[in-house]
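Everything below concerns the one structure shown next.
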Amino acid sequence: MLLAETLAPAFSWNPVADLREMWAYPFMVNAFRAGAVVAVVAPAVGWFMVLRRQTFAGHTLSVVAFPGAALATLLGISTTLGYLGACLTAALVIAALRERGRSGGAEESAATATVQAFALACGFLFVTLYKGLLGGPQALLFGTFLGITTGQVGLLAAVGAVVLALLAVIGRPLLFASIDGDVAAARGVPVRLLGAGFLLLLGAATAEAGQITGSLLVFALLVMPAATAQVLTARPVLGLVLAVAFGLGACWLGLIAAFYQPYPLGFFVTTFAFAGFLLAHLGRALAGALGRAAPRTGVPA
Amino acid sequence: MITALHQPFFQHALLAGTAIALASGLVGYFLVLRAQTFTGDALGHVAFTGAMAALAGGFDLRLGLFAGTVGVALLLGVLGRRGRPDDVVIGTLFSWILGLGTFFLTLYTTHRSTTQGNAGISVLFGSVYGLDGARTTAAVLIALAVSAAVVLIARPMLFATLDDAVAAARGVRTGALGLGFLALVGVCAAEATQAVGSLLLLGLLAAPAGTALRLTDRPYRALGLSAALAVLELWSGLMLSAAVPRLPPSFAIMAVAAACYAGASLVRPRSRSTRTTVARSTVTRIATVTRTTEE
């Protein structure tokens, strides 16, 4: 970004000095705070999403986030509210459509594709109507660390706390329903209600992640850390902890790199998260090749 | 509005757009019928990164566009036959590719060009009004070649799509056909990127085809209808944006396409056609057959 160039901060390989230099700017402190909140909430929800194979719903939600944020900018309200409003509404719509009966197939995918393209086109319209967007629509699409206010961090933290609390409450039955929906339903677990509730949590998590990575690269924090964790372990608690750790690592490393380099934040976060995913696969392949006798932990499914 | 119609940029847009829409409508019909819209989605991501990489490297944007989309379309075809990679892996890969595209975009805007600051936006959301005479000619010729190719392979494609196993038994080379079709999809995606942009090309491919599939059950009629709808939607979109200059053309095209699809869904909420049911069950059967043979 331009700001990073004019200030010309130089990376010194001295972590203490570097952090002190970065945190001298209030916007960087806010960016790190927001990043921390998002990197805890998104991988935790994303872990369940990967387990439930709902990446497609996550993709749709993230696409809808863009027009929401663009409309919020156009109307002059906080983009956080725009992201949250759009994602939660879309989650409700998806949940309602699921209720009415599910069917895959050609026409369904054509409908989804049409809705996604139309949503993106609406976002583009709002951005063109509003000329003075900081960094253009690229900030909304690919993420930025500039201009996160303390109020936004507070809102992110509040929403994140609610999401995590709800996830903790429904975590056990949700895990049961995700792994074996039929048995869970037979045992009296409200599978449908849990599915709809989870979609709402997913909407909130997508909205939060979109503000760091941009709405097109939400997968970097939502899917990649969770997928990496599931490559390494199938145990739920350990997997959740690992996913959050990977998310935090990718997000903070991305913020540091984006501060010192002119390239967008979303690029760094996706690259670090993707590198972790590749390393995890490589590590598992190596471990499998070295000790075939050792019991393997793998991705369920 | 009358003045806009006489401007060369509008005439170029109309000419190139018509050819591109024709190709997209034809390719999109098979894409939707074969339930491969995800490929279109993936190609949108790759188109952006390919174009940006070419710009950052100092090449013509279209070189990267075509190389990227055709290459990845073929790659997906090869991967798809050897066991389906699951969507977590694909989603992870393609969001990284898109992230890489933003890297090339910044590389381009900071090091190569200061005047073309919105190159990224025009690739993402299309710049149909920015086509000059030479680009228009190239786009029209390529789009017409794609359309001709789709029409030529339409009969065996339809056979292979509806019943892959029987088609293979009757001597149709389904594997080569599928790969050839994916290459056509790649070319078409690169073309559509120039008209409506890499993020919206999925709409141009899927919306007219989805509408046509809802309106008629007969395959050739649906194929023709899909192409006609795509062209009509593009024309209406361009007219709309000429009448209301505040509307960007790609938004207008998508809005018309989405409205047509919504209208068709209202007229025929859920098609109970035997043909699509047959196609659907065949597709699932093919999927299970290939899966079991691979295992």
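So you know, we letter chains A, B, ... as the sequences are listed, proteins then strands, and number each from 1.
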Inset, instruction - Dump the intermediate steps for side chain to side chain contact (heavy atoms under 4.5 Å, CB included) on B:F181 and B:R34, then the final yes or no. - result: CA-CA 11 Å; B:F181 173 68; B:R34 291 165 75 89; 3.9 Å; yes
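- Ranking A:V218, A:L120, A:V63 against chain B, the residue ahead of the rest is A:L120, based on heavy-atom pairs under 4.5 Å.
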Inset, instruction - Give the intermediate values and the outcome of side chain to side chain contact (heavy atoms under 4.5 Å, CB included) for residues A:Q211 and A:V38. - result: CA-CA 9 Å; A:Q211 302 181 44; A:V38 168; 5.8 Å; no
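- Between A:F124 and B:F251, the ring center distance fails the sub-6.0 Å criterion.
- Closest heavy-atom contact between A:M224 and A:F277: O-CD1, 4.4 Å.
- Between A:A243 and A:P43 the shortest heavy-atom distance is O-CB, 3.4 Å.
- Heavy atoms of A:T128 lying under 4.5 Å from chain B belong exclusively to its side chain.
- There is a side-chain donor-acceptor pair under 3.5 Å between B:Y129 and B:S241.
- By the 4.5 Å heavy-atom criterion applied to side chains, B:V196 and B:M254 are counted as neighbours.
- The contact between A:L141 and chain B is made entirely by side chain atoms (from C-beta outward), counting heavy-atom distances below 4.5 Å.
- By number of non-hydrogen pairs under 4.5 angstrom with chain B, the leading residue of A:V115, A:T213, A:L217, A:V223 is A:L217.
- Using a 4.5 Å cut-off between heavy atoms, B:F104 does not touch chain A at all.
- Inspection of the B:T216 and B:R221 side chains reveals no N or O donor paired with an N or O acceptor under 3.5 Å.
- When heavy atoms are compared at a cutoff of 4.5 Å, B:L204 does not approach chain A at all.
- Looking at B:A255, the atoms closer than 4.5 Å to chain A (heavy atoms on both sides) sit in the backbone and in the side chain alike.
- Considering only heavy-atom pairs separated by less than 4.5 Å from chain A, the leading option among B:G203, B:P248, B:A206 is B:P248.
- For the set A:F274, A:F268, A:F219, A:F118, the count of heavy-atom pairs under 4.5 angstrom toward chain B peaks at A:F274.
- Across A:V50, A:L129, A:L278, the residue that shares the most heavy-atom pairs under 4.5 angstrom with chain B is A:L129.
- With a 4.5 angstrom heavy-atom cutoff, A:F66 touches chain B only via side-chain atoms.
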